[in-house]
There are 2 protein chains.
Amino acid sequence: MLRNLGLRVTVPRLKALEYVQTHPHADADAIYTSLALSLHGVTRQTVHGIVNDLTRVGVLRRVSLPESASAHYETRIGDNHHHIQCVSCGRIEDVDCVVGEAPCLTPEDTHGMRLVEASVTFRGVCAECEMRNMAHEALQPSIPLTQSHSHARTSPAPTSSTIQAKR
Amino acid sequence: MLRNLGLRVTVPRLKALEYVQTHPHADADAIYTSLALSLHGVTRQTVHGIVNDLTRVGVLRRVSLPESASAHYETRIGDNHHHIQCVSCGRIEDVDCVVGEAPCLTPEDTHGMRLVEASVTFRGVCAECEMRNMAHEALQPSIPLTQSHSHARTSPAPTSSTIQAKR
DNA sequence: GCCTTATTTTGAATTAGTCAAAATAAGGGA
DNA sequence: TCCCTTATTTTGACTAATTCAAAATAAGGC
Ligand SMILES: [Mn+2]
Ligand SMILES: [Mn+2]
Ligand SMILES: [Zn+2]
Ligand SMILES: [Zn+2]
């Protein structure tokens, strides 16, 4: 499978590929952690090399989301799909193209740019996090919204380049 | 303006704000470079503190794009707009909401998540880069697509979690 | 003008990832 | 099956963006 793409078949590559197949949207670190279990001396660099190679030849797709520090990888390629991510726990799920066909959105004004692609990411709160957050609210009576944020810069708030979605 | 938001009015804050107003989508480093010109001892930490504070109180909006390492900031807030970014030089322009109103997209299946927002980023190649690339192509005859990527991991290719856009 | 406390400065740490040279192993040909 | 070339992995160092924490400074209410 890798052979005819000009890549040598190695244990790290096979294990990494298998992991991503069973764990869609895994990031380099998750893959590394998994490989480290079975192989003794794998390093993060190895994993980065692997995902770069596999992405280049088209076996993997690199999924880079806004607000998300690390890149994620998946084997579901070829079909154009979007993603929805929980703003609380970071969990990612696939979302089929909203409009349908692959070319799905076009802006009014491209500012003279040749449009290459449109990236759509939905953000939300998953059921588990919703539940957990409710529990927390019960404990923390009412959040002091206009808190005069003392010394500590408390805001880990995920503000983003996003638009309100219809519900 | 900052005062009644509970923030003290300081020189770094005013300068940073002014810079972002005149340079939409500036990142922390650009702001820092600008401030460093007039103020002598400003540090990057100061800038990060400022953009965090201003983002928290809603004076700035943090724009985080896929494939983009650093966050960008703008004063155009409240209206829901998207962005188009040149994949070659990173230049960012505003794009009005494609669908119109603020709630603009909804996925078929939210996988049980409460939808919070939808982030849409267009990617393209700006006129200048298009021109520059053409010049390069003239020099580099035809790109050997199936290059047996020797030792060097050559791919700085910006693969992304995106969908092909209609042209 | 003083004092409290928010803000900035100083200094260090973290995370995701890249770069390059040396060691190792894949797999095509003998 | 063994060998050799060269791709891949390992080792080790480094960058960029950002955060954390303690000490120094300055805003602005009194
Ligand atoms: Mn996916
Ligand atoms: Mn904008
Ligand atoms: Zn969640
Ligand atoms: Zn450009």
Side-chain angles (χ1 to χ4, degrees), chain A residues 2-17 26-33 35-36 39-57 62-73 90 147-159, chain B residues 2-17 26-33 35-36 39-57 62 64-73 90 147-158:
Chain A
L2 297 172
R3 193 99 22 120
N4 46 24
L5 286 167
L7 293 182
R8 291 185 180 172
V9 179
T10 68
V11 177
R13 276 182 179 159
L14 290 177
K15 294 239 178 187
L17 187 49
D27 62 14
D29 197 60
I31 299 171
Y32 164 71
T33 303
L35 294 216
L39 283 58
H40 83 292
V42 270
T43 63
R44 290 189 169 74
Q45 291 83 318
T46 300
V47 172
H48 282 291
I50 291 174
V51 293
N52 281 342
D53 290 341
L54 296 190
T55 299
R56 178 166 35 72
V57 301
R62 192 193 316 269
V63 176
S64 144
L65 305 177
E67 303 281 315
S68 193
S70 57
H72 302 247
Y73 299 89
Q147 81 278 48
S148 52
H149 71 320
S150 59
H151 174 64
R153 298 194 190 281
T154 35
S155 79
T159 311
Chain B
L2 296 172
R3 192 99 22 122
N4 46 22
L5 286 166
L7 293 183
R8 291 187 181 175
V9 178
T10 70
V11 177
R13 276 180 180 163
L14 290 177
K15 295 239 177 188
L17 188 48
D27 62 13
D29 197 60
I31 300 171
Y32 164 71
T33 304
L35 293 216
L39 285 58
H40 84 292
V42 268
T43 63
R44 289 190 171 72
Q45 291 84 319
T46 300
V47 172
H48 281 290
I50 291 174
V51 293
N52 281 343
D53 289 341
L54 296 190
T55 298
R56 178 168 33 74
V57 300
R62 191 192 318 268
S64 142
L65 305 176
E67 303 283 314
S68 194
S70 58
H72 302 251
Y73 299 89
Q147 81 280 48
S148 53
H149 74 318
S150 58
H151 174 66
R153 297 194 192 280
T154 36
S155 79

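From a predicted model like this one, the values you see are computed outputs, not experimental measurements.
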TODO: To the nearest Å, give me how far apart NE2 (His40(A)) and P (dT9(D)) are.
DONE: 14 Å

TODO: Identify which nucleotide among dT10(D), dG17(C), dT19(D) has an atom closest to any side-chain atom of Val42(A), counting heavy atoms from C-beta outward.
DONE: dT10(D)

Task: Interatomic distance, Asp53(B) CG vs dT7(C) C1' [rounded to whole Å] - done: 8 Å

Task: Which residue lies more 5' along DNA chain D, comparing Val11(B) with Arg44(B) via nearest heavy atoms - done: Arg44(B)

Open item on the list: Using every non-hydrogen atom in the two residues, find where Pro66(B) and Ser64(A) come nearest and quote the distance to one decimal.
Closed with: CB-O, 2.9 Å

- [ ] Report the nucleotide, chosen from dT7(C), dT10(D), dT5(D), that has the shortest atom-to-atom distance to any side-chain atom of Arg8(A).
- [x] dT5(D)

Task: Selection from dA7(D), dG17(C), dT19(D) that lies nearest to any side-chain heavy atom of His48(B) - done: dT19(D)

- [ ] By nearest nucleotide on DNA chain D, pick out whichever of His72(B) and Val9(B) is the more 5' one.
- [x] His72(B)

- [ ] Examine dT9(C): is either OP1 or OP2 under 4.0 Å from a nitrogen or oxygen in the side chain of Thr46(B)? Give yes or no.
- [x] yes

Task: Interatomic distance, Leu7(B) atom CG to Ile50(B) atom CD1 [nearest 0.5 angstrom] - done: 10.5 Å

Open item on the list: Side chains of Arg8(A) and Leu2(A), heavy atoms from C-beta outward: is any pair under 4.5 Å?
Closed with: no

Open item on the list: Rounded to whole Å, how long is the line connecting atom CD1 of Ile50(B) with atom P of dA6(C)?
Closed with: 17 Å

Task: Length of the CZ-P vector between Arg13(A) and dA26(C), whole Å - done: 11 Å

- [ ] Rounded to the nearest angstrom, tell me the gap between atom CZ in Arg62(B) and atom C1' in dT19(D).
- [x] 12 Å

Task: Arg3(B) side-chain N/O to dG28(D) phosphate OP1/OP2 under 4.0 Å - done: yes

Task: For atom CD of Glu67(A) and atom P of dT18(D), their distance in whole Å - done: 11 Å

Open item on the list: Test your reading of the model: is there a side-chain donor-acceptor pair from Thr55(A) to the backbone of Val51(A), 3.5 Å cut-off?
Closed with: yes

- [ ] Check every atom of dT6(D), dG17(C), dT8(C) against the side chain of Pro12(B) and return the nucleotide holding the closest atom.
- [x] dT8(C)

TODO: Report yes if a side-chain nitrogen or oxygen of Thr10(A) is closer than 4.0 Å to either non-bridging phosphate oxygen (OP1 or OP2) of dT9(D); otherwise report no.
DONE: yes

Task: Interatomic distance where CD belongs to Gln45(A) and P belongs to dT10(D) [whole Å] - done: 9 Å

TODO: Measure the distance from OH on Tyr32(A) to P on dT18(C) and round it to the nearest whole Å.
DONE: 17 Å

- [ ] Quick one: pull up CG in Asp29(A) and NE2 in His48(A) and give me the separation to the nearest 0.5 Å.
- [x] 8.0 Å

Task: Closest nucleotide among dT8(D), dG17(C), dT7(C) to the Ala28(A) side chain - done: dG17(C)

- [ ] State whether Asn52(A) places a side-chain N or O below 4.0 Å from either non-bridging phosphate oxygen (OP1 or OP2) of dT18(C).
- [x] yes

TODO: Could you check whether Ser70(B) gets within reach of a base, just the sugar-phosphate, or nothing at all, counting any heavy atom under 4.0 Å?
DONE: sugar-phosphate

